[in-house]
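Since this is a predicted model, take the numbers as computed values, not measurements. Just so we're on the same page: letters track the sequence lines, and every chain starts at 1. Hydrogens, waters and symmetry mates are skipped; everything else that's a heavy atom, side chains included, is used.
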Number of protein chains: 2
Amino acid sequence: MSESSAPGSSGLRPTKQRLAVVETLDSADGFHSAQEIHELLGQRGETVGLATVYRTLQRLAEAGEIDMMRTEDGEAIYRRCSDTHHHHLVCRSCGRTVEVEGPAVERWTRSIAEQHGFADVSHTLEIFGTCPACR
Amino acid sequence: MSESSAPGSSGLRPTKQRLAVVETLDSADGFHSAQEIHELLGQRGETVGLATVYRTLQRLAEAGEIDMMRTEDGEAIYRRCSDTHHHHLVCRSCGRTVEVEGPAVERWTRSIAEQHGFADVSHTLEIFGTCPACR
DNA sequence: GTAAGTGCAAACGGTTTGCAGCCTC
DNA sequence: GAGGCTGCAAACCGTTTGCACTTAC
């Protein structure tokens with residue numbers, strides 16, 4: 001197959017803007033909001049419309065190329081999605097986030113879903129608390 | 001102390017509106033958005049301003065009398081704290097929802113959080129899949 | 001050439017806020 | 001009586017959308 005094997009073989013056209021967004025997300029660790037990405041692009045000298053940033057991030061997320069989650073106050077934040085599946089332990093007060101894994105949870109969710117006859121199972125899990133520094 | 005020992009001794013004045021909100025939340029199972037609560041209040045014949053509903057829910061949440069979490073699309077939803085804690089298994093296609101419980105998960109999240117020194121632990125977990133009818 | 005992608009600006013929808021009047025303590 | 005609480009409407013802010021134009025294939 002002559003299909004591109006490049007990172008992003010998801011049927012999305014590799015336009016200048018799309019690439020710029022991906023690259024920015026790549027070079028920035030952790031989660032960032034659409035507006036942040038837009039600003040970072042500006043700093044890089046790339047001018048990409050805010051609407052385009054929103055659309056691009058959404059499509060990349062749908063395509064499974066990036067992760068999306070919500071901040072405490074409802075903003076969507078994204079990050080490059082390379083790593084293993086894990087969950088977040090978030091401080092309610094300062095927002096500090098720890099990534100945690102739980103193979104047992106993965107198994108449990110799958111088996112519960114299957115018991116009820118559900119297929120194509122996925123799940124989301126977030127843990128909230130007050131971190132040591134904020135107590 | 002002559003302090004009220006009524007359910008809700010959180011320093012908030014027990015106004016008609018406040019009580020109506022709490023009562024509505026009591027009688028409605030599960031999570032509901034501010035707008036839903038507002039509508040339910042209307043159906044009950046109570047007229048409470050939308051802004052008041054928002055303010056009330058926020059203060060109740062701050063006071064720890066109700067739980068707040070976010071929907072997939074960033075809306076704030078609230079519920080009375082007392083319900084038994086459970087999770088949802090949701091069909092991606094038709095939206096059918098099954099409530100499931102998992103004591104093991106409860107224990108796991110708590111212990112993970114404590115390992116990281118987090119206090120006041122809570123969590124959210126949702127499982128998505130395709131239900132038998134939709135496969 | 002055609003469909004997907006883009007930019008702009010206007011529309012949206014949930015949430016917050018300023019302010020004048022009301023009610024609880 | 002003083003300060004919290006309420007209602008209304010306007011402001012906010014992140015996000016979405018309509019439309020004419022550009023670009024990748």
Side-chain angles (χ1 to χ4, degrees), chain A residues 1-6 8-25 31-42 44-63 65-66 68-79 95, chain B residues 1-6 8-25 31-42 44-63 65-66 68-78:
Chain A
M1 46 192 85
S2 61
E3 276 288 31
S4 150
S5 62
S9 42
S10 23
L12 303 179
R13 288 191 185 166
T15 63
K16 203 178 69 174
Q17 294 88 335
R18 200 98 86 191
L19 292 173
V21 168
V22 173
E23 223 167 283
T24 303
L25 215 41
F31 282 96
H32 298 276
S33 70
Q35 316 244 11
E36 279 170 6
I37 300 291
H38 181 244
E39 197 168 325
L40 286 171
L41 281 163
R44 279 169 149 244
E46 314 264 6
T47 32
V48 180
L50 184 53
T52 299
V53 173
Y54 273 105
R55 283 188 280 233
T56 301
L57 290 171
Q58 277 173 188
R59 293 197 189 165
L60 289 171
E62 275 168 26
E65 292 195 40
I66 61 178
M68 189 269 255
M69 66 168 284
R70 295 260 169 204
T71 64
E72 192 82 344
D73 53 298
E75 250 181 312
I77 50 178
Y78 305 84
R79 72 145 179 222
Chain B
M1 43 194 84
S2 60
E3 277 288 29
S4 148
S5 62
S9 42
S10 23
L12 302 179
R13 288 191 185 166
T15 63
K16 202 177 72 176
Q17 294 89 334
R18 201 97 88 188
L19 293 172
V21 168
V22 173
E23 224 166 281
T24 302
L25 215 42
F31 282 97
H32 299 277
S33 69
Q35 317 244 11
E36 278 170 8
I37 299 292
H38 180 244
E39 197 167 324
L40 286 171
L41 280 163
R44 280 170 151 242
E46 313 265 6
T47 32
V48 180
L50 184 53
T52 299
V53 173
Y54 274 104
R55 281 188 282 232
T56 301
L57 289 172
Q58 278 173 188
R59 295 200 187 163
L60 288 171
E62 276 168 26
E65 292 195 39
I66 61 179
M68 188 270 256
M69 67 167 281
R70 295 262 169 202
T71 64
E72 191 87 340
D73 52 298
E75 250 182 312
I77 50 178
Y78 305 84

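B:Ser33 comes within 4.0 angstrom of nothing in the nucleic acid, heavy atoms only. B:Glu36 comes within contact range of no nucleotide atom at all, as no heavy-atom separation falls under 4.0 Å.
With hydrogens and angles ignored, a donor-acceptor pair under 3.5 angstrom links the side chain of B:Arg55 to the base of D:dG7.
With sequence neighbours excluded, no residue forms a side-chain hydrogen bond (donor to acceptor under 3.5 Å, both in side chains) with B:Thr47. Residues passing the side-chain hydrogen bond (donor to acceptor under 3.5 Å, both in side chains) test with A:Ser33: none are found, sequence neighbours excluded. Partners of B:Glu36 under the salt bridge (charged side-chain N to carboxylate O under 4.0 Å, His left out) rule, at least two apart in sequence or in another chain, do not exist in this structure.
Within the 4.5 Å cutoff, the side chain of A:Glu23 has no heavy atoms near those of the A:Glu46 side chain. Here the side chains of A:Ile77 and A:Arg79 are not in contact, with every heavy-atom distance at 4.5 Å or above. A:Leu25 has its side chain within reach of A:Leu57: a pair of non-hydrogen atoms, C-beta onward, lies under 4.5 Å apart.
Sorted by first and then second residue, the pairs that involve residues 54-63 of chain A and meet side-chain hydrogen bond (donor to acceptor under 3.5 Å, both in side chains), not counting sequence neighbours, are A:Gln35-A:Tyr54.
Mapping A:Thr15 and B:Tyr78 onto DNA chain C by nearest heavy atom places A:Thr15 closer to the 5' end of the strand.
Atom CD of B:Glu62 is separated from atom P of D:dG4 by 14 Å (rounded to the nearest Å). With rounding to whole Å, B:His38 atom NE2 is found 11 Å from D:dC8 atom C1'. Rounded to a whole Å, the CZ atom of A:Arg13 is 11 Å from the C1' atom of D:dT22. One can place NZ of A:Lys16 at 11 Å from C1' of D:dT22, the figure rounded to the nearest angstrom. Following rounding to the nearest Å, A:Gln17 (CD) and D:dC21 (P) show an atom-to-atom distance of 18 Å. One atom, CG of B:Leu41, and another, P of D:dT6, lie 12 Å apart when rounded to the nearest Å. The nearest whole Å value for the distance from the CD atom in A:Gln35 to the P atom in D:dT15 is 6 Å. With rounding to whole Å, A:Ile37 atom CD1 is found 15 Å from D:dG14 atom P.
Between A:Leu12 and A:Ala63, the shortest heavy-atom contact is CD1-CB, 4.5 Å.
Protein chain B contacts DNA chain C from C:dG14 to C:dC25, reading 5' to 3' and using non-hydrogen atoms of the protein with a distance under 4.0 Å.
Note that the OG1 atom of A:Thr71 and the CZ atom of B:Arg70 stand 7.0 Å from one another [nearest 0.5 Å].
In this model, the phosphate group of D:dT16 is approached by a side-chain N or O of A:Gln58 to a distance below 4.0 Å at OP1 or OP2. One finds a side-chain N or O of A:Tyr54 lying less than 4.0 angstrom from the OP1 or OP2 phosphate oxygen of D:dT15.
In the set D:dG14, D:dC8, D:dA24, D:dC8 carries the atom at the smallest distance from any side-chain atom of B:Ala51.
The backbone N or O of A:Val48 sits less than 3.5 Å from a side-chain atom of A:His38, completing a donor-acceptor pair.
Taking the C1' atoms of five terminal pairs at each end of the helix from C:dG1-D:dC25 to C:dC25-D:dG1, the two resulting helix axes are inclined by 40°, rounded to 10°.
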